[in-house]
**Q** 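Can you read through this structure? Questions will come right after.
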2 protein chains.
Amino acid sequence: MTYGEKLEALAPPTRRAVFERLAKGAASVGEIAAGLPVSRPAVSQHLRVLKDAALVTETRDGTKRVYAIDSQGLAELRDYFDRFWDEALDIFKRSVEGGDG
Amino acid sequence: MTYGEKLEALAPPTRRAVFERLAKGAASVGEIAAGLPVSRPAVSQHLRVLKDAALVTETRDGTKRVYAIDSQGLAELRDYFDRFWDEALDIFKRSVEGGDG
DNA sequence: GCAATACGTAAGCGATGACTTACGGAGAAA
DNA sequence: TTTCTCCGTAAGTCATCGCTTACGTATTGC
């Protein structure tokens, strides 16, 4: 639920690929795995982490499970970045202009 | 240099703590290590990764090495997120309104 | 009930990574 | 040059992680 958890969830390349796949539209586990060079259980495990981090949502459709981007969780991550950037860039500019380390 | 490298660099908690420390102002390796429960070499190794990812800059001041946020590299990461969010949230909203997966 | 589909979970393995201690190098002061 | 400060690097250890195969579960259709 924290931004740290979200960052860690998005760091591994394969898991980020899963997430970016969902950014292009909702999909089932099998559909996602078909487009990646890893097994279906691997994708399932990545989705578990993404779901725990509140980055994706899970919906049942028969025997399928459809995953999609969790817009609310994504917004929380964006808020963190916005606040971080405001603070960091402000201090950065101030140090450059003032010359004070 | 890629956003993937930047994401991976910011994922580990200790390394993110180093980065967030620099967001509050430039500092030397020793100063950073003094505020963290890890050794100085550990901080040095984290700074190396952050520098390779173009997230921090290095400046020499006598025997010290002063590290600071790399605003340009940070902006690149922000650009990636902006583009990602625009695409993801647009598709997300469209799927909700249209009801089409 | 029986078979098929789609998926999550458990167990195990190989690789990666974060950390430590020990050491060497570059700059400042005498 | 010698000494001190501050730092990067090398080597090694222990934990974590990402992946695979094997298996169990829930749902659909006959």
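Note that these values count all heavy atoms, side chains included, but never hydrogens, waters or copies made by symmetry. Here is the naming used below: chain letters follow the sequence lines, and residue numbers restart at 1 for every chain. This one's a predicted model, so the numbers in the text were calculated from it and none came from an experiment.
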**Q** Would B/T14 and B/V43 count as a side-chain contact (heavy atoms from CB on, under 4.5 Å) here? Give the steps.
**A** CA-CA 8 Å; B/T14 299; B/V43 172; over 6 Å; no
**Q** So, B/D70 side chain and B/G73 main chain: donor-acceptor pair closer than 3.5 Å or not?
**A**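 Here the side-chain-to-backbone pair exists.
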**Q** Apply side-chain contact (heavy atoms from CB on, under 4.5 Å) to residues B/Q45 and B/R15 and explain how you reach the verdict.
**A** CA-CA 9 Å; B/Q45 290 164 4; B/R15 193 150 63 221; over 6 Å; no
**Q** Any heavy-atom pair between the side chains of B/P13 and A/E8 that's under 4.5 Å?
**A**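 Sidechains of B/P13 and A/E8: in contact.
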**Q** Would you grab the first and last nucleotide of DNA chain D (5' to 3') that comes under 4.0 Å of any non-hydrogen atom in chain A?
**A**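 Both ends considered, the range comes out as D/dG18 to D/dT28.
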**Q** Do A/K64 side-chain atoms and A/S28 backbone N/O form a donor-acceptor pair below 3.5 Å?
**A**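 Checked: no pair found.
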**Q** Looking at every non-hydrogen atom in both residues, tell me the closest pair between B/G4 and A/R16 and how far apart they are.
**A**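 Residues B/G4 and A/R16, closest heavy atoms: CA-NH2, 3.4 Å.
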**Q** What do the steps show when you test B/L22 against B/L47 for side-chain contact (heavy atoms from CB on, under 4.5 Å), and what is the final call?
**A** CA-CA 10 Å; B/L22 292 180; B/L47 287 168; 4.0 Å; yes
**Q** Return no unless some side-chain N or O of B/R15 is found under 4.0 Å from OP1 or OP2 of C/dA18.
**A**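 Answer yes for this pair, as a side-chain N or O of B/R15 is under 4.0 Å from OP1 or OP2.
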**Q** What is the distance from NE2 of B/H46 to P of C/dA18, rounded to the nearest Å?
**A**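 After rounding, the reported distance stands at 6 Å.
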**Q** Output the residues of residues 28-37 of chain B in contact with DNA chain D, where contact means a heavy atom of the residue under 4.0 Å from an atom of the strand; sort by number or write none.
**A**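 Close to the strand are B/S28, B/V29, B/G30.
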**Q** Indicate for each nucleotide in nucleotides 21-27 of chain C, in 5' to 3' sequence, whether protein heavy atoms under 4.0 Å reach the base (B), only the sugar-phosphate (S), or nothing (-).
**A** BB----B
**Q** Look at the rings of B/Y80 and B/Y3 and say which category their plane angle falls in: under 30° parallel, 30 to 60° tilted, over 60° perpendicular.
**A**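 Correct class here is parallel.
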**Q** For the helix from C/dG1-D/dC30 to C/dA30-D/dT1, what is the angle between the axes at its two ends, each from 5 pairs, rounded to 10°?
**A**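 If I round to tens, the end axes sit 30° apart.
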**Q** Tell me, please, which residues at least two apart from B/R78 pass salt bridge (Lys or Arg N to Asp or Glu O under 4.0 Å).
**A**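 Salt bridge (Lys or Arg N to Asp or Glu O under 4.0 Å) check on B/R78 returns A/D82, B/D82.
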**Q** Kindly determine whether A/F84 and B/E20 satisfy side-chain contact (heavy atoms from CB on, under 4.5 Å), including the steps that lead there.
**A** CA-CA 8 Å; A/F84 186 81; B/E20 294 184 353; 3.7 Å; yes
**Q** Tell me, do B/L10 and B/L55 make a side-chain contact under 4.5 Å, heavy atoms counted?
**A**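 Yes, side chains in contact.
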**Q** Checking A/Y67 now: which residues fulfil ring pair (Phe, Tyr, Trp, His ring centres under 6.0 Å) with it, not counting sequence neighbours?
**A**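 Counting only residues at least two positions away or on another chain, A/Y67 forms no ring pair (Phe, Tyr, Trp, His ring centres under 6.0 Å).
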